[in-house]
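Some notes on the structure that comes next.
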Amino acid sequence: MSSRDLLHGIYERLFKHFGPQGWWPAESPFEICIGAILTQNTNWQNVEKAIQNLKREGLLSPLALYHCPLEDLARLIRPCGYYNIKAKRVKNFVSFIVEGYQGALENLKKEEPSRLRERLLSIKGLGPETVDSILLYALEIPVFVVDAYTHRIMYRHGLVPEIISYQELQEFFHSNLERDLNLFQEYHALLVACGKTYCKKQNPQCPLCPLNNFDQEF
DNA sequence: ATCCTGGTAC
DNA sequence: GTACCCGGAT
């Protein structure tokens, strides 16, 4: 059975079990970007608190954050952890937009996608997962986002090696799925849902998982 | 005590 | 490869 059929089969099962996820949960593309940075190695619930603080202060725009003192920003995003380093990362990102794109996120879309990805990766504090989340959900450019959940689910089902790079894992999806925006957005969200609910790091709930016995069908 | 939609610097 | 950043829920 081909990897292509396996990946589509997994998607099918996850979708039937969890339904459409409608990611990313945010009110604007810019909020998605900030959320993507703040959620690094942190649970989403705490990110929401940080985002709420920024909203309350009217800071959820590139220009507002650009002029917000670093210390104030750090204090407001404190609930999501790593607040000092994340405040700098947010600053780096908004400087990139304000100084290179007239402060308008929309202007990023004018760049050629692979060039834009490289430019975003050059921002200190933005790694491949954060950048791809911004590209996929905020800018609606079809790149597959892979994360710890994605890797865990794939290797537990024997589809990829336990040791594999981000790039290789992403390539596995790119080469076996049609490059469809909605498919990519939903697939990643469904993998997260599965990883949080069933394919947990410790005490995975295999008997209840929609992917249980999946391997045996092929 | 562990985990969470990571990334950097050394 | 290892240390570090570092809060909140379970």
Side-chain angles (χ1 to χ4, degrees), chain A residues 10-11 14 18 20-54 70-96 117-156 162-170 173 181 183-205:
Chain A
I10 287 172
Y11 179 79
L14 292 176
F18 291 104
Q21 299 297 295
W23 268 32
W24 185 292
E27 289 178 8
S28 70
F30 183 69
E31 183 179 328
I32 293 174
C33 299
I34 300 306
I37 295 170
L38 296 185
T39 199
Q40 293 171 359
N41 207 36
T42 306
N43 77 42
W44 182 251
Q45 202 169 358
N46 291 333
V47 176
E48 285 183 314
K49 296 178 182 181
I51 298 266
Q52 272 309 117
N53 289 343
L54 295 180
L70 185 64
E71 302 75 33
D72 295 355
L73 177 55
R75 176 172 44 78
L76 290 166
I77 65 173
R78 183 181 169 88
C80 69
Y82 304 97
Y83 51 88
N84 283 320
I85 190 69
K86 284 178 181 176
K88 289 179 187 169
R89 291 174 181 182
V90 167
K91 276 289 193 181
N92 292 341
F93 178 67
V94 296
S95 295
F96 174 81
R117 186 173 189 274
E118 289 311 308
R119 293 207 63 190
L120 288 169
L121 282 173
S122 73
I123 301 171
K124 188 183 288 187
L126 302 210
E129 184 181 339
T130 304
V131 165
D132 286 337
S133 295
I134 290 171
L135 290 172
L136 180 62
Y137 293 106
L139 302 177
E140 302 186 318
I141 294 168
V143 292
F144 204 92
V145 177
V146 303
D147 64 350
Y149 291 132
T150 311
H151 178 233
R152 193 190 304 158
I153 293 168
M154 290 299 129
Y155 88 75
R156 279 181 177 171
E162 183 164 4
I163 306 297
I164 184 172
S165 68
Y166 183 96
Q167 190 178 344
E168 290 171 325
L169 188 51
Q170 183 179 51
F173 284 87
L181 176 66
L183 173 66
F184 283 12
Q185 289 181 332
E186 282 295 320
Y187 208 146
H188 172 66
L190 286 166
L191 288 170
V192 172
C194 183
K196 288 172 74 165
T197 312
Y198 303 111
C199 204
K200 300 191 288 185
K201 191 167 187 177
Q202 292 186 352
N203 303 112
Q205 310 290 310

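Lettering follows sequence order; numbering is per chain, from 1.
Within 4.0 Å (heavy atoms only), A:Thr130 reaches sugar-phosphate atoms of the nucleic acid but no base atom. Across all strands shown, A:Lys200 has no heavy atoms under 4.0 Å from either base or sugar-phosphate atoms.
OP1 and OP2 of C:dC5 both lie 4.0 Å or more from every side-chain N or O belonging to A:Lys88. Checking the phosphate oxygens (OP1, OP2) of B:dC4, a side-chain nitrogen or oxygen of A:Arg152 falls inside 4.0 Å. For B:dC3, the OP1/OP2 oxygens have a side-chain nitrogen or oxygen of A:Gln202 closer than 4.0 Å.
For A:Gln40, whose side chain is taken as the heavy atoms from C-beta onward, the closest listed nucleotide among B:dC3, B:dG6, C:dG7 is B:dG6. Residue A:Asn43 places its side chain closer to C:dG8 than to any other of B:dG6, B:dA9, C:dG8. Relative to the side chain of A:Tyr82, the nucleotides B:dG6, B:dT8, B:dC3 differ in distance, and B:dG6 lies closest. In the set C:dG8, B:dT8, B:dG6, the nucleotide with an atom closest to the side chain of A:Lys49 is C:dG8. The A:Thr42 side chain lies nearest to C:dG7 when the options are C:dC5, C:dG7, B:dG7.
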Quiz item: So A:Val192 and A:Gln21, side-chain contact (heavy atoms from CB on, under 4.5 Å) or not? Walk me through it.
Solution: CA-CA 10 Å; A:Val192 172; A:Gln21 299 297 295; over 6 Å; no

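A:Lys86 places its NZ atom 10 Å from the P atom of C:dC6, with the value rounded to the nearest Å. One interatomic measurement links the two molecules: CG of A:Asn41 to C1' of B:dG6, which rounds to 6 Å at whole-angstrom precision. We find that CG of A:Leu126 is positioned 20 Å from P of C:dC5, with the value rounded to whole Å.
When side chains are defined from C-beta on, A:Leu136 counts as touching A:Gln185, because their heavy atoms get closer than 4.5 Å.
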Which atoms of nucleotides 1-3 of chain C (N or O only) lie under 3.5 Å from a protein N or O atom, and what are those distances?
none

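For A:Glu31 and A:Ser28, the side-chain atoms include no donor-acceptor pair closer than 3.5 Å.
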